[in-house]
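Notes follow once the structure below has been shown.
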Amino acid sequence: MSDQMTVGVGAGAAHLGVDRVVDLGPLHPAAHGAYRLRLAVSGPADDPVITSATPLVGHLHRGAEKLFEVRDYRQILALANRHDWLAAFCNEMAVAMAVERMLGMTVPDRASWLRTAFCELNHALALVVFLAPVAEAGGRGPRHVAARDGLVRARESVQRVLEEAAGGRIHFMANRVGGLREDVPAGWRDGVRAALDVVARGLDAARSVTVSDGDFRHRHRGLGVLTTGAALRLGVTGPAGRAAGVDLDLRRDDPGPAHAELGVTPRLGTRGDALDRVECMLDDADQALRLVRSCLDRLPPGPVNLRLPKAVKPPEGSVYVWTEAPLGVTGVHLVSRGDRTPWRLKLRTPSFNNVQALSPLLVGCRVADLPTVLASFAVVVGDIDR
């Protein structure tokens, strides 16, 4: 008879490994964030199989939504980019767009195109971070190590051009109500094109050791399956949702002015397994590069922001704004009573929904495959412990 046991799996900022400890213990409030994944496994001790998985979130609830309510509309953007450090620009832009919609404000064309370029750079930045461990998990040979290192260089190249434009390495704070804080520096577009070439080479190397490799395809086909029905019930979006057959991409289905002109054609999976998710992430990253190049080629002249009054006071009412962040749909429900601070600001973050899908997805997976499956599913802890 197979042995039965329960293990706790800690997934924090730097590790996705298996830790055979039931209780992770207290978490310090200054920690980056953590969630607990309780697994029931059966089978031999050297190669157990997962029979049930229960994500336990809320270990570090930061009360972000309440913090918005005691800051004015200029200050809240500093909080918005801290939920998902890999999608900081997309998060702050979503909040800025909600305030702008309540004010009936239309941002300048140049700001709209630059925002789109920044968002797509943010997509590429986030996706290469998750593709790096997937590439290395495919094997331990020189090609796999080179692919991982290429993706690390790709991430740094994108991080560098974003930092040049915004001044911040992680928390960009580039958005303002009414557009962007400032224009991009001279020569920035040439630097972005060079960075995109680095990312393209990294993606080619990653593709060669993953979806184009016969052994990788054989080992990951049918691994960690998420059906279309389960994805819809759980609200899974982004590359993980599209890999499961959920045909939703807000850049195509509810686009902003720039995305409407560029055209977005997302890839849809048919199996919903780890292989489909990796293919969708690679396709999303490729598409992000194409969209950034198009934005740079069509970037119009003009101002990048609007002049605001000393006190920003949206009229009484409510609005809901959603955008396509790297890992799925980010939504902002803003309620105003005509004051300088929001009366209510509710966040819909993609990882908070997506993490629930680990329950059906992990059943039947070997514990040894857990790091690859988790990396292919792409969940950010800060997005959960909001």
Side-chain angles (χ1 to χ4, degrees), residues 29-30 33 57-58 60-85 87-112 114-116 118-119 122 166-168 170-183 235 250 254 256-257 303-325 328-353 380 382-386:
V57 302
L60 186 60
H61 184 57
R62 293 176 285 171
E65 295 171 352
K66 302 305 291 183
L67 293 176
F68 280 104
E69 298 170 14
V70 294
R71 286 165 174 79
D72 67 37
Y73 287 98
R74 298 174 189 268
Q75 297 171 327
I76 60 176
L77 298 182
L79 297 174
N81 62 26
R82 282 162 168 77
H83 307 297
D84 177 355
W85 288 19
F89 186 89
C90 297
N91 287 346
E92 65 184 50
M93 186 189 72
V95 175
M97 288 171 58
V99 181
E100 291 160 2
R101 185 169 297 182
M102 293 202 74
L103 291 169
M105 183 181 292
T106 301
V107 302
D109 287 344
R110 184 174 178 86
S112 179
L114 279 173
R115 278 181 171 181
T116 303
F118 282 135
C119 278
N122 216 163
I170 303 297
H171 306 303
F172 303 118
M173 279 304 299
N175 283 278
R176 291 293 184 270
V177 176
L180 298 173
R181 184 186 67 216
E182 58 190 9
D183 208 339
L250 295 179
D254 190 11
V304 296
N305 51 41
L306 299 175
R307 187 176 182 86
L308 297 177
K310 286 187 176 181
V312 178
K313 295 183 179 181
E316 186 172 344
S318 65
V319 68
Y320 184 78
V321 169
W322 58 357
T323 62
E324 187 73 28
V329 172
T330 288
V332 176
H333 179 218
L334 174 63
V335 182
S336 170
R337 288 189 171 176
D339 297 325
R340 298 176 58 157
T341 60
W343 184 77
R344 180 80 172 93
L345 197 147
K346 172 65 178 174
L347 300 170
R348 193 274 185 204
T349 56
S351 293
F352 188 79
N353 281 72
V380 171
D383 229 9
I384 299 169
D385 293 323
R386 62 172 186 256

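It should be emphasised that the depicted structure is a prediction, and the values quoted were computed from it without experimental measurement.
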Ionic contact status for E69 with K346, cut-off 4.0 Å: no
Salt bridge flag under 4.0 Å for residues E182 and R176: no
Nearest 0.5 Å, please: how far is [atom2] in [Y] from [atom1] in [X]?
{"X": "C119", "Y": "E324", "atom1": "SG", "atom2": "CD", "answer": "10.5 Å"}
{"X": "L347", "Y": "E65", "atom1": "CG", "atom2": "CD", "answer": "5.0 Å"}
{"X": "R340", "Y": "Q75", "atom1": "CZ", "atom2": "CD", "answer": "8.5 Å"}
{"X": "L79", "Y": "R82", "atom1": "CG", "atom2": "CZ", "answer": "7.0 Å"}

Exercise: identify the closest heavy-atom pair between [X] and [Y]:
{"X": "C90", "Y": "N122", "value": "N-OD1, 3.4 Å"}
{"X": "N81", "Y": "A88", "value": "CB-O, 3.2 Å"}
{"X": "P303", "Y": "P108", "value": "O-CB, 3.3 Å"}
{"X": "A111", "Y": "V304", "value": "CB-O, 3.2 Å"}
{"X": "P350", "Y": "T330", "value": "CD-OG1, 3.5 Å"}
{"X": "L308", "Y": "V177", "value": "CD1-O, 3.1 Å"}

Aromatic plane relationship, W85 with H171 - under 30° parallel, 30 to 60° tilted, over 60° perpendicular: perpendicular
F118 and F89 aromatic centres sub-6.0 Å: yes
Chi angles and distances behind the side chain to side chain contact (heavy atoms under 4.5 Å, CB included) call for M97, T323: CA-CA 9 Å; M97 288 171 58; T323 62; 3.9 Å; yes
Worked check of side-chain hydrogen bond (donor to acceptor under 3.5 Å, both in side chains) between R181 and N305: CA-CA 7 Å; R181 184 186 67 216; N305 51 41; over 6 Å; no
Y320 and R348: CA distance, side-chain angles, deciding distance, side chain to side chain contact (heavy atoms under 4.5 Å, CB included) verdict: CA-CA 10 Å; Y320 184 78; R348 193 274 185 204; 3.9 Å; yes
Side chain to side chain, D183 and R110, heavy atoms closer than 4.5 Å: yes
Under 3.5 Å: donor-acceptor pair, side chain of E92, backbone of A174: yes
Stepwise side chain to side chain contact (heavy atoms under 4.5 Å, CB included) test for T341 and I76: CA-CA 9 Å; T341 60; I76 60 176; over 6 Å; no
Side chain to side chain contact (heavy atoms under 4.5 Å, CB included) evaluation trace for L114 with T116: CA-CA 5 Å; L114 279 173; T116 303; over 6 Å; no
Run the side-chain donor-acceptor check on residues 331-338: report pairs under 3.5 Å with partners two or more places apart or on a different chain.
from, atom 1, to, atom 2, distance (Å)
S336, OG, P314, O, 3.0
S336, OG, P315, O, 3.3
S336, OG, G338, N, 3.0

Residue among M173, R71, M93 satisfying side-chain contact (heavy atoms from CB on, under 4.5 Å) with L77: M173
